[in-house]
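Please read these numbers as outputs of a predicted model, since none were measured by experiment.
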Amino acid sequence: MKSPSKGQPRQEPAAQGLSAGSQRKAHLILSKVDENPSTSFLRGYRQFWRFLRPYALLALLGLLLTIPVGALDAVMTGFLKPFMDKVMVGQDREFASMVPIYIIAFTVVQGLLLYFSALVNGYVGGKIALDIKAALYKKLLGMDTAFYDSNSSGSVIYRFSSDADAASSGLITNIRLFLTKFFSSLSLVCVLLYNSWQLSVLAIGVLVCLVLPMSVVRKRIKKIISKSMKQNTRVMTIYNETTEGNRVIKSFCLKDLMYSRFMEVMGYLFSMNIKLVRDTNWLAPAMHLITAAGVAGVLYFGMHLILTGVITSGAFVAFLAALIMLYTPIKSIGNNFINVQQALLALDRIYQILDVHSYEEDKEGKALSGIGEVKFEDVRFGYTDDREILKGVSFNVRRGTKVALVGNSGGGKTTACALIPRLYDPDSGRITIDGTDIRDFALDSLRSKIAVVFQDNFLFEGSIRENLMCAREGVTEDEMRKAVSEACLDEFIASLPEGLDTQIGERGLRLSGGQKQRLAIARAILKDAPLVILDEATSALDNKSEKVVQKALDTLMRGRTTIVIAHRLSTIMDSDEILVLNDGVVAERGTHAQLLAKGGIYSGLYRSQFQNTRASATGEPEAQG
């Protein structure tokens, strides 16, 4: 394997099973952030307003509390002029005795205002972060299946979780800091102008020099953050793979490989973080230099104004104190600016997700009352632009019949079944139910009439009961126990101390393969849908487990329209029709007997499976894996 270039971690393929050069159809790729526009304060806060609006009054209260906090900075410096002129020069003892009391009183008031401002803004910021995460999770639920095919778990976890905190906390905190410093600076500028407009022109004019370094840093931040974000998603993916694939890692002695992959990515992230420090943290020293130049200029020019009698010594001391207080936050503006840029980039990435539209979000459509005939009409579909999986497939499934799809792996069987509940939409052609295009039905209405049992069924962390109750709303205890019995799970559950309330672990890891399948079948029975799709529901089981699960499947299929995908032909020989789907086309169709008589593809599959196994007593073949 060709090693990656130095300093650049290996890039994982966009999706498994794609040949080199294959491209996914146009879907949102979470790791691609280079195309995002440059950050903009106005656009960022305009986007932020959507989440801020419900808490506008509280946010306004928090902002109003910052006004006196900043303004009181000027009060402190304002005392210096009368203190110098009346106490140091005029020897006014009465005024001198009152100054400390005033200063302490103002400090107490300022501290209380700071506390309540932080409390209000913390509440608003937390609620906004919650709302952003809720909006992102709702969007995640509304993404179509192709989105999940095109993005790694690490990209999803990182983008949908980390960005919400970065945007909300970064913007709320910096709004508060900005407004506090703004009103503080405004009041301090008034003090400067009151004491000497000449020195004020010099002091404020120096600040114009801050614009250039900040614009340079803004561009560099975006470039580095984009590169770092891609690798942060890789870290999340590695963590997820380590958790989900721990048994494979142990079985194949992959600890060293996984560790080297992890350190490779972490090393790259470390170099990016150092680069971020190197390319941005010069801003703080630049601010110090600029403000030092302003103070030096004021000292030099101020001496001249004092000697010529334009200002008093007290006015100059008050001016200098106000200037230092004005320059102090400006010196730290570099770090605040970097934080704001990171928050704005996170907000842009959030809106990149929120602005995507998926057909999953469409709520309009006809209500589907029942399922009669399901018909494929010249359906074409491909996961990528350069490889077509289904090439003009046409067939129909009549109400109450059992139709089986068989054929070589990769022939399009699972893909065809995935199109019926609209996990994907065809590129051309159409699928109809009783003559109506399935795209005309509301998605929830369509899917409520279809039950799917997969080869590897997903079970949620929680109890057996919770996994059964998600089949449909309003499931009763009697219905649940009946479904458990029909799925051949009753004896197993009766042997558990906690029965239906037994915790099964993440993805059902505490259950065997057969138990997982039967739980999935019970869930499908509870759904009570008129159309059942079985996608190789027994292929991963041993013969003993298969017989038990097949009995449960027979119960599930009774009285329902059924589409079965199977490699073990013993499970589908009683089908009303068998379709041989090879290389994206229907190569053969007919009953088991008809297809055997043809001596074609199906007959060859049958002979290859059963040539070494004959049932001597009944003459019926026994399936082999």
Margin query: Walk me through whether Asp144 and Asp425 qualify under side chain to side chain contact (heavy atoms under 4.5 Å, CB included).
Written below: CA-CA 10 Å; Asp144 53 54; Asp425 273 343; over 6 Å; no

message: Pair Leu140, Tyr148 - check side chain to side chain contact (heavy atoms under 4.5 Å, CB included), show working.
response: CA-CA 9 Å; Leu140 181 63; Tyr148 294 97; 3.5 Å; yes

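- Here NZ of Lys482 is found 10.0 Å from CG of Asp478. Values are rounded to the nearest 0.5 Å.
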### Query
When you look at Leu500 and Val484, which way does the side chain to side chain contact (heavy atoms under 4.5 Å, CB included) test go after all the steps?
CA-CA 10 Å; Leu500 288 172; Val484 165; 4.1 Å; yes

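- Look at Asp437 and Lys366 and you find no salt bridge, because none of the NZ, NE, NH1 or NH2 atoms lies under 4.0 Å from a carboxylate O.
- Heavy atoms only, all atoms of each residue included: Leu489 and Gln515 are closest at CD2-O, 4.3 Å.
- When every heavy atom of Asn582 is checked against every heavy atom of Gly407, the shortest pair comes out as OD1-CA, 3.4 Å.
- Between Glu360 and Arg422 there is no salt bridge, since no side-chain N of the basic residue sits under 4.0 Å from a carboxylate O of the acidic one.
- Using a distance-only test at 3.5 Å, with no hydrogens or angles considered, no donor-acceptor pair links the side chain of Asn467 to the main chain of Leu459.
- A salt bridge links Arg465 to Asp501: at least one charged side-chain nitrogen sits closer than 4.0 Å to a carboxylate oxygen.
- Between the side chain of Gln517 and the main chain of Gly514, no donor-acceptor pair closer than 3.5 Å is present.
- Under the 3.5 Å distance criterion, the side-chain polar atoms of Asp163 are left unmatched by any main-chain donor or acceptor of Phe160.
- Shown here is Glu477, whose CD atom has more than 12 heavy atoms of other residues, nucleotides or ligands within 6.0 Å.
- Counting heavy-atom neighbours within 6.0 Å of Met469 CE, excluding the residue itself, gives a total of 12 or less.
- Atom CZ in Phe51 sits 9.0 Å away from atom CD1 in Ile128 (nearest 0.5 Å).
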*Pair Val403-Asp576, side chain to side chain contact (heavy atoms under 4.5 Å, CB included): steps then yes or no*: CA-CA 6 Å; Val403 173; Asp576 297 291; 5.6 Å; no

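- In this structure, the side chain of Thr502 engages the main chain of Gly499 through a donor-acceptor pair within 3.5 Å.
- Within a 6.0 Å radius of CZ in Phe252, other residues, nucleotides and ligands contribute 12 heavy atoms or fewer.
- When atom types are taken as modelled, the side chain of Thr401 and the backbone of Val397 share no donor-acceptor pair closer than 3.5 angstrom.
- The NZ atom of Lys402 sits 9.0 Å away from the CD1 atom of Ile578 when rounded to the nearest 0.5 Å.
- Sparse packing is recorded around OH of Tyr123, with 12 or fewer heavy atoms of other residues, nucleotides or ligands lying under 6.0 Å away.
- For the pair Arg234 and Val265, the tightest heavy-atom approach, listed with the atom from each and the gap, is CB-CG1, 4.1 Å.
- The backbone N or O of Met236 sits nowhere less than 3.5 Å from a side-chain atom of Tyr158 that would complete a donor-acceptor pair.
- In this structure, Ser152 OG and Glu241 CD are separated by 8.5 Å, a value rounded to the nearest 0.5 Å.
- Under 4.0 Å is where a charged nitrogen must lie from a carboxylate oxygen, and between Arg472 and Glu479 at least one such pair does.
- No more than 12 heavy atoms of other residues, nucleotides or ligands sit less than 6.0 Å from atom CG of Leu57.
- Here the closest non-hydrogen pair linking Tyr351 and Gln47 is OH-O, 2.7 Å.
- The heavy-atom pair separating Arg399 from Ile371 by the smallest distance is NH1-O, 3.4 Å.
- Annotation for Asp583: atom CG does not count as buried by contact number, only 12 or fewer foreign heavy atoms lying within 6.0 Å.
- Between the side chain of Asn396 and the main chain of Glu373, no donor-acceptor pair closer than 3.5 Å is present.
- Proximity of a side-chain donor or acceptor of Ser445 to a complementary backbone N or O of Ala442 within less than 3.5 Å is not detected.
- At least one donor-acceptor pair under 3.5 Å links the side chain of Arg447 to the backbone N or O of Pro421.
- In plain terms, the two heavy atoms of Ile350 and Ala167 that are nearest each other are CD1-CB, 3.8 Å.
- Thr415 pairs in a side-chain contact (heavy atoms from CB on, under 4.5 Å) with only one of the listed residues (Leu390, Val379, Leu581, Val393), which is Leu390.
- Atom-to-atom distance recorded for Leu368:CG and Leu531:CG is 10.0 Å, nearest 0.5 angstrom.
- Annotation: the span from Asp444 atom CG to Lys363 atom NZ amounts to 5.0 Å, rounded to 0.5 Å.
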Could you go step by step and tell me if Phe381 and Tyr383 meet the ring-ring contact (aromatic ring centres under 6.0 Å, His included) rule? CA-CA 7 Å; Phe381 176 80; Tyr383 295 102; 5.0 Å; yes

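- At least one donor-acceptor pair under 3.5 Å links the side chain of Ser394 to the backbone N or O of Asp378.
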